[in-house]
Amino acid sequence: MYILVINCGSSSIKADVIDTQLKKSILELDAERLPSTPFIQLNNEQIIYHGDLNFESIIRYCLHTIKSRLAEKQINGIGHRVVHGGDQYSQTVCIDAAVEAAIENLADLAPLHNPANLAGIRSAKEVFPAISNIAVFDTAFHQTMPKRAKQYAIDKNIIAKYNIKRYGFHGTSHKYIMERSGEYLKQDVKNLRILSCHLGNGASICAIEFGRSVETSMGLTPMEGLMMGTRSGDIDPGIITYLQNKEKWTSQETEDFLNKQSGLAGLSGLTNDMRDILQQASEGNEDARTAIQVFTHRITKYIGAYAAIMSGIDVLVFTGGIGENSADIRHRICQGLEFLGIMIDDDKNKSAKLNSDNDVANISDENGRVKILAIRTDEQVAIALETQKIIQEKNKVNTIPKIPIAISARHVHLSRATVDILFGKNYELTEFKPLSQPGQFAANETVTLIGLKNKIENVRILGPLRPKDQVEISKTDEFFLGIDAPVRESGHVEGSPGITLKTAHGEVAIKEGVIVAWRHIHMHPNDAALFGVQDKDIVSVDVDDDERPLTFKNVLIRVSDKFKLEMHIDTDEGNAAEIKKGEEGELVLSAKSVNLHDKNV
Ligand code: AMP
């Protein structure tokens with residue numbers, strides 16, 4: 001497919017036609033210094049513009065120029081980078097009037113970006129009226145962050161009034177890095193804890209636990225987190241009010257100070273360009289040295305914090321202009337992180353040279369536990385591949401069955417060793433009733449869960465036995481028991497908290513195993529083929545209730561020939577959604593999310 005990818009900034013346009021098979025652009029347009037002094041280049045040729053000096057006219061001109069140069073090549077779809085998708089969009093979507101309105105409404109949260117993105121969308125519709133427009137949101141990948149990571153600790157009424165929360169950005173890049181890491185290491189990302197450090201002029205770091213963003217350093221706006229080219233990153237909010245009082249700054253002046261006069265440029269007093277700062281530092285400039293030290297110190301600090309959040313790291317990735325190209329910066333960041341298993345090989349690090357044919361370098365020392373990679377990110381290609389997926393889905397005929405929804409009450413799965421302690425050596429569980437999934441049963445036997453604060457009695461054991469103990473509870477149970485359990489796919493209990501299990505016969509404190517089950521759909525491979533999904537896809541499910549229609553986002557697909565089609569949610573979700581017995585859901589194909597096995601993501 002040929003996909004036109006449009007990335008409109010406040011003063012620039014980048015529009016590339018990407019061949020999705022080659023994963024390369026065949027036509028590249030860059031326009032800068034907009035709208036007053038446009039400088040437009042198409043594949044290194046400068047284009048002279050004589051029209052009106054307003055943003056919309058220039059975009060239209062750029063798109064017409066691309067159209068005329070495409071000759072016989074037909075564009076299959078247009079992908080737009082949209083910076084802020086707010087709460088509504090956790091996935092790539094086809095742009096209709098509702099999506100356009102939502103992007104417009106979110107302009108408050110991204111005043112520099114969303115209006116420019118919208119201008120790009122409207123111009124594309126005009127210039128290419130017959131072609132579908134797709135929105136790929138910078139914030140979408142981070143929608144999976146748990147509430148505790150999204151929340152700011154401020155007055156909850158203000159939070160509700162203005163929808164203030166941590167949204168995170170650079171999502172397309174972090175997701176691309178996740179997929180490329182899994183592909184390069186030949187490992188399923190569902191088994192990896194990845195730290196993605198996107199270090200460019202804008203910089204952010206993302207903790208990706210088993211395929212999902214669980215923390216990221218940017219927040220409501222792209223100003224939070226790491227120190228950047230011209231942005232301060234984390235700062236004591238007291239400094240802001242102090243300076244506003246002293247300098248009598250308006251809100252715009254304050255924002256400019258934090259956005260444009262800070263970071264590498266502010267501290268060095270020289271430039272926001274890391275290459276120049278490194279050069280000046282090597283020539284003895286103290287301010288340049290300080291800027292580099294603060295920049296790398298803060299990244300190291302975040303790596304430590306995010307390692308704690310994921311209970312360890314398997315892969316550390318550097319990307320973005322600085323992360324991809326500066327061995328010096330990568331070396332400085334990794335210093336002192338050996339205790340986490342992060343050991344960089346200095347020779348490999350120095351000789352790593354990334355380009356389009358050689359986009360990944362493994363720079364880890366063989367003795368380190370963590371794989372350290374430098375990966376060339378390509379947001380334009382990533383957007384094109386996301387767009388292609390939606391276009392392909394749109395072209396499919398919908399012959400999809402409905403999915404029965406079942407509510408799973410709290411329950412435990414036990415290992416042989418634990419049953420031996422709780423019921424006696426070689427004790428066999430007895431069947432109370434079969435479960436809907438073939439071969440599985442609810443046992444007559446129950447256990448008591450003993451947490452830090454409370455205990456819950458008569459919790460059903462499900463058979464057959466499993467290699468690992470697993471206790472599946474709801475968020476409400478978590479609070480009652482006093483346990484902070486992660487949301488996980490069944491079977492992934494690494495690093496989860498433990499709990500005490502008790503019966504009349506015995507008692508055992510398991511070290512790990514308590515999770516809140518990630519809502520999921522069991523399906524047979526035949527169903528998967530019908531739906532056009534694969535094991536570990538993440539999808540949305542619509543419940544078309546007349547009184548209260550709703551969408552379950554972020555639903556995990558689990559495919560096995562032992563499974564029967566059924567979606568499982570926990571009691572909290574069932575209660576909140578008022579799910580009734582016999583209720584059914586519909587897979588939302590147009591909003592289908594990542595295919596975690598798909599090499600093309
Ligand atoms: P990006 O925003 O991803 O294009 O990254 C831009 C940043 O990458 C700028 O600070 C550049 O100075 C920096 N950069 C590019 N190449 C190098 C390099 N070889 N060494 C250090 N920094 C670099």
Side-chain angles (χ1 to χ4, degrees), residues 5 7-14 16 25 28 30-33 41 81 83 112-113 138 169-177 180 196-206 216-218 222-223 225-233 259-283 285 287-296 298-299 317-334 344 346 348-356 358-361 363 373-383:
V5 175
N7 184 346
C8 285
S10 52
S11 61
S12 65
I13 301 167
K14 187 162 173 50
D16 296 346
S25 64
E28 282 180 40
D30 283 288
E32 288 173 7
R33 297 185 231 143
Q41 275 197 305
R81 176 187 181 215
V83 166
L112 293 182
H113 294 103
D138 244 28
F169 297 87
H170 284 151
T172 316
S173 171
H174 289 305
K175 183 175 164 194
Y176 179 82
I177 291 301
R180 195 67 192 95
S196 165
C197 304
H198 181 115
L199 311 177
N201 199 28
S204 74
I205 178 165
C206 181
T216 193
S217 55
M218 285 175 169
M223 274 158 62
L226 303 180
M227 169 178 163
M228 309 181 211
T230 58
R231 286 174 235 160
S232 68
N259 248 328
K260 299 180 183 164
Q261 290 163 247
S262 302
L264 291 170
L267 262 194
S268 70
L270 300 164
T271 164
N272 63 339
D273 194 310
M274 185 56 100
R275 280 166 293 205
D276 296 342
I277 293 177
L278 284 164
Q279 180 62 34
Q280 296 276 344
S282 72
E283 289 166 13
N285 184 309
D287 291 336
R289 283 185 180 166
T290 305
I292 294 168
Q293 282 163 3
V294 178
F295 183 80
T296 54
R298 289 187 172 200
I299 296 164
V317 187
F318 293 103
T319 190
I322 301 171
E324 290 166 26
N325 297 305
S326 178
D328 189 355
I329 297 291
R330 293 190 297 249
H331 171 85
R332 284 166 186 263
I333 292 168
C334 292
I344 197 163
D346 280 327
K348 288 189 203 159
N349 183 36
K350 277 193 201 123
S351 57
K353 294 273 174 289
L354 302 182
N355 53 50
S356 58
N358 189 18
D359 68 330
V360 185
I363 54 174
L373 306 177
I375 301 185
R376 193 164 179 262
T377 193
D378 196 331
E379 280 178 292
Q380 299 290 93
V381 170
I383 291 170

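This chain uses plain numbering: 1 for the first residue, then up along the sequence. Start at 1 and go down the list; that is how both ligands and their atoms are numbered. Please read these numbers as outputs of a predicted model, since none were measured by experiment.
In plain terms, the two heavy atoms of Met274 and Ile292 that are nearest each other are SD-CG1, 4.4 Å. Nearest heavy-atom pair, Thr172 versus Ala382, reported as atom, atom and distance to 0.1 Å: CG2-CB, 3.8 Å. When all heavy atoms of Asp378 and Tyr176 are compared, the closest pair comes out as N-CE2, 3.7 Å.
Protein heavy atom nearest atom 11 (C) of ligand 1, with residue, atom name and distance: Asp273 OD1, 3.6 Å. Scanning the protein for heavy atoms near atom 19 (N) of ligand 1, the closest one is Asn325 CB, 3.3 Å. At the top of the distance list for atom 14 (N) of ligand 1, counting protein heavy atoms only, stands Gly321 O, 3.6 Å. Annotation: atom 9 (C) of ligand 1 to nearest protein heavy atom, Met274 N, 4.1 Å. When hydrogens are left out, the protein atom nearest atom 6 (C) of ligand 1 is Asn201 N, 3.7 Å; that is the closest non-hydrogen contact.
One finds a salt bridge joining Asp16 and Lys14 here, because a Lys/Arg side-chain nitrogen approaches an Asp/Glu carboxylate oxygen to under 4.0 Å. Taking the charged nitrogens against the carboxylate oxygens, Asp346 and Lys350 have no contact shorter than 4.0 Å, which rules out a salt bridge.
Listed by atom number, the atoms of ligand 1 under 4.0 Å from Asn272 heavy atoms are 10 (O). Of all atoms in ligand 1, numbered sequentially from 1 with element shown, those under 4.0 Å from a heavy atom of Gly200 are 1 (P), 2 (O), 3 (O), 5 (O). Interface atoms of ligand 1 facing Gly320, defined by a heavy-atom separation under 4.0 Å, are 3 (O).
Residue Gly202 has no nitrogen or oxygen atom sitting less than 3.5 Å from a nitrogen or oxygen atom of ligand 1, judged on distance alone. Distances between N or O atoms of Ser326 and those of ligand 1 include no value under 3.5 Å.
In this structure a side-chain-to-backbone donor-acceptor pair under 3.5 Å is missing from Arg231 to Gln261. Proximity of a side-chain donor or acceptor of Thr377 to a complementary backbone N or O of Thr319 within less than 3.5 Å is not detected.
Scanning His170, Glu324, Arg330, Arg275 for the heavy atom closest to atom 17 (C) of ligand 1 points to Arg275. In the candidate list Asp328, Thr271, Ile322, Ile322 is nearest to atom 13 (C) of ligand 1, counting heavy atoms.
Contact annotation: the side chain of Leu267 approaches that of Val294 to within less than 4.5 Å [non-hydrogen atoms, C-beta and beyond].
The aromatic rings of His198 and His170 sit parallel to each other, their planes meeting at less than 30°, with 60° as the upper class boundary.
Contact analysis leaves Gly229 out of contact with ligand 1, as no non-hydrogen atom separation drops below 4.0 angstrom. Residue contacts with ligand 1 leave out Ile277, since none of its heavy atoms falls under 4.0 Å from the ligand.
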